[in-house]
**Student:** 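The structure that follows is given in the form of structure tokens.
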Amino acid sequence: MRDTLHETSVEALLPSPRPVQLLDPTGAPVEQSGTRRPYAMPSADRLQDVWRHMVLGRRFDLQATALTKQGRLAVYPSSRGQEACQVGAIRSLTARDWVFPTYRESMALVTRGIDPAEVLALLRGSAHCGYDPLAQRTAAQCTPLATQLVHAAGTAYGLKRRGEDCVALGFIGDGATSEGDFHEALNFAAVFDAPAIFFVQNNKYAISVPLSKQTKAPSLAYKAIGYGVACEQVDGNDPAAVMAVMDAALDHCRSGRGPFLIEAHTYRLDAHTNADDASRYRSGDEVTAWLERDPIARLEAYLRASGLLNDDQANAVRQEAEALATDLRDRMNTDPEVDPMSLFDNVFASPTPQVAEARAMVEAEMHAEMQAAEEVTR
Amino acid sequence: MTTIDAPAPAVAGPTTLTFAKAINQALRDAMTADDDVLVFGEDVGTLGGVFRVTDGLTRDFGEDRCFDTPLAESGIVGFAIGLCYTGFRPVVEMQFDAFAYPAFEQIASHVAKMHNRTGGKVTLPMVIRVPYAGGIGGVEHHCDSSEGYYAHTPGLKVYTPATPQDAYWMLREAIADPDPVIFMEPKALYWSKAEVDTSSPVEPVGRAAVRRPGKEVTLISYGPSVPLALKAADAAEQEGWDVEVIDLRSIVPLDDETVLASVRRTGRCVVVSEAQGFAGVAGELASRISERCFHSLEAPVLRVSGLPTPYPAPMLEHTYLPGVDRILDAIDRLQFDDQPDTTFSEGARG
């Protein structure tokens with residue numbers, strides 16, 4: 001009987017020494033060398049598909065930010081600049097795989113095919129979750145950091161127990177890798193050989209706290225090794241590389257080799273949310289440098305150079321994006337109707353006497369208000 | 001009440017069981033009835049739990065159904081949430097009351113709220129077993145009465161059985177319930193023995209039990225305090241008081257009806273809890289009764305509870321825990337004619 005140490009070699013777990021990159025910032029293909037695993041350029045179809053979804057995703061993101069300025073959204077955490085991560089990861093999954101998002105993954109959920117208005121219910125303030133997590137195989141967007149990763153580990157184990165050839169993918173940012181649940185999730189997923197992918201979008205800041213004050217680790221990917229979890233780091237602004245690494249992670253999980261962690265090096269171009277001022281904690285030069293690594297422009301350059309995208313096709317996608325934004329704007333410009341009595345729905349599957357009593361009290365209050373209003377009109 | 005669609009339990013008809021064995025039997029019968037019931041936590045497998053509550057489950061149901069996990073309470077509860085998404089019904093153990101605190105974020109932020117957060121789309125039919133309270137000479141962090149934290153969190157059901165019969169049926173109902181249940185097991189009662197009928201529930205969860213009828217004073221208790229309240233009622237009888245003892249059985253949902261009907265008849269009430277009194281479940285009971293039975297009351301509702309200090313080292317346990325004498329003192333104070341108001345302040349009598 002094996003007593004303490006598992007037989008996995010550290011070598012097999014290590015990430016590549018440098019983030020995997022298939023396209024350089026100008027869109028030129030990068031010769032693969034020195035990576036831990038072989039990575040191949042995704043097919044032309046998939047590259048065209050991911051480019052289209054990145055364009056749609058960015059337009060959605062810009063529209064959502066604009067809606068905060070019009071008072072239509074209570075708050076919006078932008079993910080502009082992180083399109084390759086969110087879109088690349090989601091487009092690599094099947095609809096049967098599960099996703100455990102944070103509040104920043106609105107773009108990912110829209111890419112998954114969830115109605116943008118339903119995705120924005122949380123941030124609009126009309127509901128905590130506007131879609132059906134079971135039907136969409138997408139958990140409610142999670143605000144407490146890293147807590148959803150242990151759910152992802154449990155669901156991944158459940159999928160394995162059910163014999164479903166599916167994975168559970170949990171998104172987090174760099175700050176969340178400091179949370180206890182990040183460690184518990186990796187450990188549980190590893191011990192139970194659960195097909196979970198932990199996707200860390202290292203966008204360099206946890207609200208205002210830079211990575212250097214978050215961790216002393218040489219790379220966030222390395223955190224996986226201590227748990228016996230295989231990992232990889234990838235250029236998070238290179239959609240081709242994100243998809244190639246996702247393919248490796250999916251293959252790893254689906255072949256029963258347990259969980260996988262991806263650290264994607266990327267950058268959040270906007271503030272943490274519309275409510276904070278990023279100029280207090282980072283320089284304009286830094287932002288400008290990252291604008292030059294734009295994931296959409298990078299892939300577009302490659303697609304055009306390879307004859308996979310022409311002006312007509314690009315214009316068609318951009319028109320599609322405008323239509324999406326217009327539709328979203330129109331729908332968000334109406335006031336949502338929220339029934340006050342729904343407060344008491346779904347506290348429990350069947351209400352306790354105490355919930356029923358509170359409900360009766362509010363019902364009586366509303367009835368009295370209505371009567372008073374009627375008397376005034378008379 | 002939750003309906004239980006279960007084949008006949010393995011042990012049919014009345015049988016004498018300890019409290020711990022009754023829980024073990026409930027787990028067995030629930031696991032037999034439903035393949036999706038999973039039992040996991042720290043030490044619940046090969047060892048059978050530090051209190052042997054899960055004894056033999058891994059042997060009889062296999063490691064897929066009852067298994068040990070890494071030592072991480074937040075992970076245990078979060079993993080259970082994830083398993084609910086794929087249709088399982090997890091029953092997890094927290095080993096000791098105070099060890100559950102690392103899981104509190106998962107419990108308060110997700111277990112309690114997931115049904116509500118998702119507009120009713122997701123249910124979490126999970127049970128979190130928490131061996132709690134003192135009286136066993138346990139060292140620090142092994143004797144907390146943490147029920148108030150859970151009861152104060154909307155969305156959690158909080159059960160606390162006081163008899164082997166209730167331990168069996170309330171756990172069966174907790175497992176069958178689509179809502180998450182915090183199942184508080186009074187450690188000091190694990191070795192108590194009584195007849196258990198596994199063929200049908202005596203009372204549905206959500207209804208308090210009148211453990212001893214009486215006309216002059218209502219003693220309200222739950223979990224570890226029920227045997228104490230019964231003892232105090234017997235002693236009070238010697239002093240000429242006819243005391244009714246109510247066992248709440250569940251704190252959420254709370255059976256106001258049984259409590260209020262009793263106090264309206266007796267006009268006097270003492271709430272007994274092992275948890276410290278300040279801002280706790282006993283205070284909630286006192287408030288509810290004052291709000292609803294003011295005109296029936298002959299005296300203020302009194303609390304006899306643990307002290308507003310951290311749970312003490314074992315050698316001071318007997319001073320900390322409410323005892324028969326403190327309850328008798330409280331009952332005496334209910335005559336209240338010659339008592340200044342200040343006497344009623346909580347904890348004044350030590």
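Below, chains carry the letters A, B, ... as their sequence lines are ordered, and counting in each starts from 1. No hydrogens, no waters, no symmetry mates; every other heavy atom, side chains included, goes into these values.
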**Student:** Classify the ring geometry between B:F67 and A:Y157 as parallel (under 30°), tilted (30 to 60°) or perpendicular (over 60°).
**Tutor:**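 Geometry flag for A:Y157 against B:F67: perpendicular rings.
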**Student:** Do B:Q106 and A:E184 have side chains that get closer than 4.5 Å, going by heavy atoms?
**Tutor:** no
**Student:** Which atoms of B:S74 come close to chain A, meaning under 4.5 Å heavy atom to heavy atom: side chain ones, backbone ones, both, or neither?
**Tutor:**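 Looking at B:S74, backbone and side chain both touch chain A.
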**Student:** Tell me, please, which residues at least two apart from B:H115 pass ring pair (Phe, Tyr, Trp, His ring centres under 6.0 Å).
**Tutor:** none
**Student:** Name the region of B:D36, side chain, backbone, both or neither, that has any atom closer than 4.5 Å to a heavy atom of chain A.
**Tutor:** side chain
**Student:** Check whether A:Q141 gets within reach of chain B through its side chain, its backbone, both or neither, counting any heavy atom under 4.5 Å.
**Tutor:** backbone
**Student:** Answer yes or no: is there a side-chain heavy-atom contact under 4.5 Å between B:K121 and A:Y131?
**Tutor:**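 No, side chains not in contact.
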**Student:** Between chain A and each of B:D179, B:L38, B:I81, B:V77, count heavy-atom pairs under 4.5 Å; write down the option with the most.
**Tutor:** B:D179
**Student:** Which atom names give the shortest non-hydrogen contact between B:D68 and A:F192, and what distance separates them?
**Tutor:** O-CZ, 3.9 Å
**Student:** Within the supplied structure, the quantity of interest is the number of heavy atoms (other residues, nucleotides, ligands) at a distance under 6.0 Å from A:K223 NZ; does it exceed 12?
**Tutor:**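 Yes.
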**Student:** For A:V347, is it the side chain, the backbone, both, or neither that has a heavy atom closer than 4.5 Å to a heavy atom of chain B?
**Tutor:**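 It is both, since atoms from each part get that close.
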**Student:** Most heavy-atom pairs under 4.5 angstrom with chain B, which of A:T143, A:T352, A:T155, A:L122?
**Tutor:**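 The candidate making the most pairs under 4.5 Å is A:T155.
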**Student:** What part of A:S350 lies closer than 4.5 angstrom to a heavy atom of chain B: side chain, backbone, both or neither?
**Tutor:**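 Its backbone and side chain both get close to chain B.
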**Student:** Just wondering, are more than 12 heavy atoms of other shown residues or ligands nearer than 6.0 Å to OH in B:Y149?
**Tutor:**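 No, OH of B:Y149 has 12 or fewer neighbouring heavy atoms, counting only those of other groups under 6.0 Å.
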**Student:** Test your reading of the model: is there a side-chain donor-acceptor pair from B:N116 to the backbone of A:D345, 3.5 Å cut-off?
**Tutor:**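 Between the backbone of A:D345 and the side chain of B:N116 there is a qualifying donor-acceptor contact (under 3.5 Å).
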**Student:** By a 4.5 Å heavy-atom criterion (distance strictly below it), what part of A:A185 contacts chain B: side chain, backbone, both, or neither?
**Tutor:** neither
**Student:** Can you tell me which of B:L254, B:T69, B:L156 forms the most heavy-atom pairs within a distance under 4.5 Å of chain A?
**Tutor:**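 Ranked by contacts with chain A, first place is B:L254.
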**Student:** Side chain from CB out, backbone as N, CA, C, O: work out which of these in B:I76 comes under 4.5 Å of a heavy atom of chain A, or both, or neither.
**Tutor:** both
**Student:** Which one wins on heavy-atom pair count under 4.5 Å against chain A: B:D255, B:V252, B:T123, B:T118?
**Tutor:** B:T118
**Student:** Where do A:F100 and B:Y85 land on the ring pair (Phe, Tyr, Trp, His ring centres under 6.0 Å) test, with the steps shown first?
**Tutor:** CA-CA 11 Å; A:F100 290 80; B:Y85 287 126; 5.7 Å; yes
**Student:** Taking all non-hydrogen atoms of both residues into account, name the closest pair between A:C142 and B:H110 and its distance.
**Tutor:** SG-CE1, 3.5 Å
**Student:** CD/B:E105 to OG1/A:T147 distance, rounded to the nearest 0.5 angstrom?
**Tutor:** 5.5 Å
**Student:** Is the shortest heavy-atom distance from the side chain of B:V122 to the side chain of A:L134 under 4.5 Å?
**Tutor:** yes
**Student:** Apply the test side-chain contact (heavy atoms from CB on, under 4.5 Å) to residues A:E164 and B:T86: give CA-CA distance (whole Å), side-chain angles for both, the deciding distance (0.1 Å), then the verdict.
**Tutor:** CA-CA 10 Å; A:E164 289 194 43; B:T86 51; 5.8 Å; no
**Student:** Looking only at heavy atoms, what is the nearest atom pair of A:V191 and B:P70, with distance?
**Tutor:** CG2-CG, 4.0 Å
**Student:** So for A:A127, is it side chain, backbone, both, or neither that comes closer than 4.5 Å to the heavy atoms of chain B?
**Tutor:**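 When you check distances to chain B, no heavy atom of A:A127 falls under 4.5 Å.
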**Student:** Give me each pair satisfying side-chain hydrogen bond (donor to acceptor under 3.5 Å, both in side chains) with a member in residues 354-365 of chain A, each pair once, sequence neighbours excluded.
**Tutor:**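 Those involving residues 354-365 of chain A are A:Q354-B:D256, A:E357-B:R292, A:R359-A:E363.
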**Student:** Identify which part of A:A140 has an atom lying under 4.5 Å from any heavy atom of chain B, answering side chain, backbone, both or neither.
**Tutor:** both
